[in-house]
Each structure stands twice: as C-alpha cells, then as structure tokens.
Amino acid sequence: MTQDELKALVGQAALQYVKPGDIVGVGTGSTVNKFIDALATMRAQVAGTVSSSEASTSRLRALGIPVLQASEVEELAVYIDGADEIDAKGYMIKGGGAALTREKIVAAQSRRFICIADESKLVRTLGGFPLPVEVIPMAVARLQRQFARMGGQARVRLKDGVPLVTDNGQHILDVTGIQIHDPLAFESEVNQWPGVVTVGVFAHQKAQVCLLGSASGVQTLTF
Ligand code: 5RP
C-alpha cells in the first residue's frame with residue numbers, strides 16, 4: 001500500500017469518532033486532507049467544524065462543510081489531526097505544515113485529540129523530525145543562539161527562497177539535533193522563551209487516540 005493509501009485509510013477510519021450533531025476540530029496536512037474528503041460524505045450530519053489553518057478552511061468550504069470561528073464555540077467533542085512524530089505516550093511533534101499554533105489552540109478546545117498517521121510517524125523518542133517552532137521574526141537570531149546552547153541547530157523555514165510567513169504572520173524555525181526525552185518539561189520551557197509563539201511539541205495537548213495506518217490495516221493506540 002502506498003503512503004497516500006495509508007493516509008486515506010486512517011482519514012476514513014477517523015469518521016467513527018464523529019457523531020451526528022458534533023462540531024469537529026480539523027487539523028492540517030496531507031493526512032487531514034483525506035479526513036476532510038471523508039467528512040464530506042457525512043456533511044449533512046455535522047453541525048460544523050473549527051479549522052486550524054487557511055488551507056484546511058478552503059478545502060472544507062470547497063466541499064460544502066461549514067467552518068465556524070473558534071471563538072464561536074466553547075468546546076469541541078473531537079479534534080482530528082496528523083502528526084510528524086508520535087511516541088508511545090501520545091506525545092507528538094507537529095508543525096510540518098506550519099499550522100502548529102492554531103492546531104494547538106483547537107486541540108486545547110477539544111475533549112479528545114484523535115491523531116491520524118501512517119506507521120512511519122511512530123517513534124521511540126521525539127526529535128528525529130526537525131522541530132517546528134513558530135516565532136516572532138525579531139527574536140529569530142536570539143532564539144537560534146538559545147537552541148544552539150541546547151545543542152540544536154535552528155534554521156528559518158523558507159518558501160520560494162524567502163522566510164515562510166505563517167497564517168499568523170510569523171516565521172518558523174526548524175530545529176535539528178535535539179532529542180526530546182521529557183516532552184512535557186521541554187514544551188513548558190521553550191514555550192516561555194521570549195519570542196516563541198508556539199513550540200511544536202504537543203505534550204500538554206497530547207493525543208488520546210492514534211489511528212496508525214499500516215499494510216495490515218488500521219491499528220488503534222490509546223493513551
Ligand atoms: C501541520 C501538521 C501536520 O499534522 C503534520 O505536519 C503531518 O502532516 P502530514 O499529514 O502531511 O504528514 O502538524 O502543521
């Protein structure tokens with residue numbers, strides 16, 4: 001099975017967590033795009049969605065699925081999103097699609113986080129994937145030095161040769177060379193560095209369930 005087929009498999013499987021009348025939190029990325037396509041088949045049954053990016057909002061609206069503002073909704077039953085890495089406790093690295101800040105906000109608003117991923121995303125220790133960190137541009141050089149003191153190398157993410165600008169008007173640092181052995185402590189520490197908007201470790205907003213796609217089908221991990 002191709003990676004694309006595995007993503008479609010878990011995107012479809014995530015529908016079991018959507019109940020009629022729910023407002024659904026929707027993440028960002030190629031796996032979530034498969035979930036959005038699947039959700040379109042039950043669009044008449046959902047009360048709406050709260051989206052984590054302009055890209056997902058466009059795709060939802062193009063398929064006739066209503067998108068509400070996060071501020072219009074107090075609590076979401078469920079949040080469905082992908083991950084760049086997930087460990088055996090449901091802690092994740094996210095932000096490969098640069099949507100980490102809004103993803104964390106919508107996840108925090110939701111009762112349950114259902115992660116959808118192919119089996120290549122399951123790791124023993126977080127940190128193999130370059131850690132995305134959304135930052136205020138004026139803090140970039142200072143934050144690069146701060147990550148260097150931890151043994152990491154932080155590079156500004158580029159798009160078409162210039163710094164990528166997120167949906168929130170900020171930049172992304174991708175940090176390599178750091179193994180994250182205590183995700184809760186790491187997230188708390190980096191998040192309070194001046195200039196950091198959001199660090200892409202999702203430990204305080206971890207997944208409760210991961211639907212992991214492999215050639216033998218969908219495996220359900222619960223944390
Ligand atoms: C976007 C994310 C994505 O969930 C993550 O990058 C996984 O993406 P994909 O499903 O395309 O592999 O965090 O900011």
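Just follow the structure's listing: the first ligand is 1, and inside any ligand the first atom is 1. Just so it is clear, the structure is predicted and the values come from calculations on it, not from any experiment.
At least one side-chain heavy atom of Pro132 sits less than 4.5 Å from a side-chain heavy atom of Arg157.
Annotation: salt bridge (Lys or Arg N to Asp or Glu O under 4.0 Å) contacts of Glu5 (sequence neighbours excluded): none. Take Asp22 and apply the salt bridge (Lys or Arg N to Asp or Glu O under 4.0 Å) test, not counting sequence neighbours, and it matches no residue. Considering only residues two or more places apart in sequence or on other chains, Asp4 meets the salt bridge (Lys or Arg N to Asp or Glu O under 4.0 Å) condition with Lys34.
Ion pairing between Asp84 and Lys121 fails under the 4.0 Å rule for side-chain N and carboxylate O.
Shortest non-hydrogen contact noted between Gln109 and Glu74 is CG-O, 3.7 Å.
Protein residues having a heavy atom under 4.0 Å from any atom of ligand 1 are Lys7, Thr28, Gly29, Ser30, Thr31, Asp81, Gly82, Ala83, Asp84, Lys94, Gly95, Gly96, Gly97, Ala98, Ala99, Glu103, Lys121, listed by chain and number.
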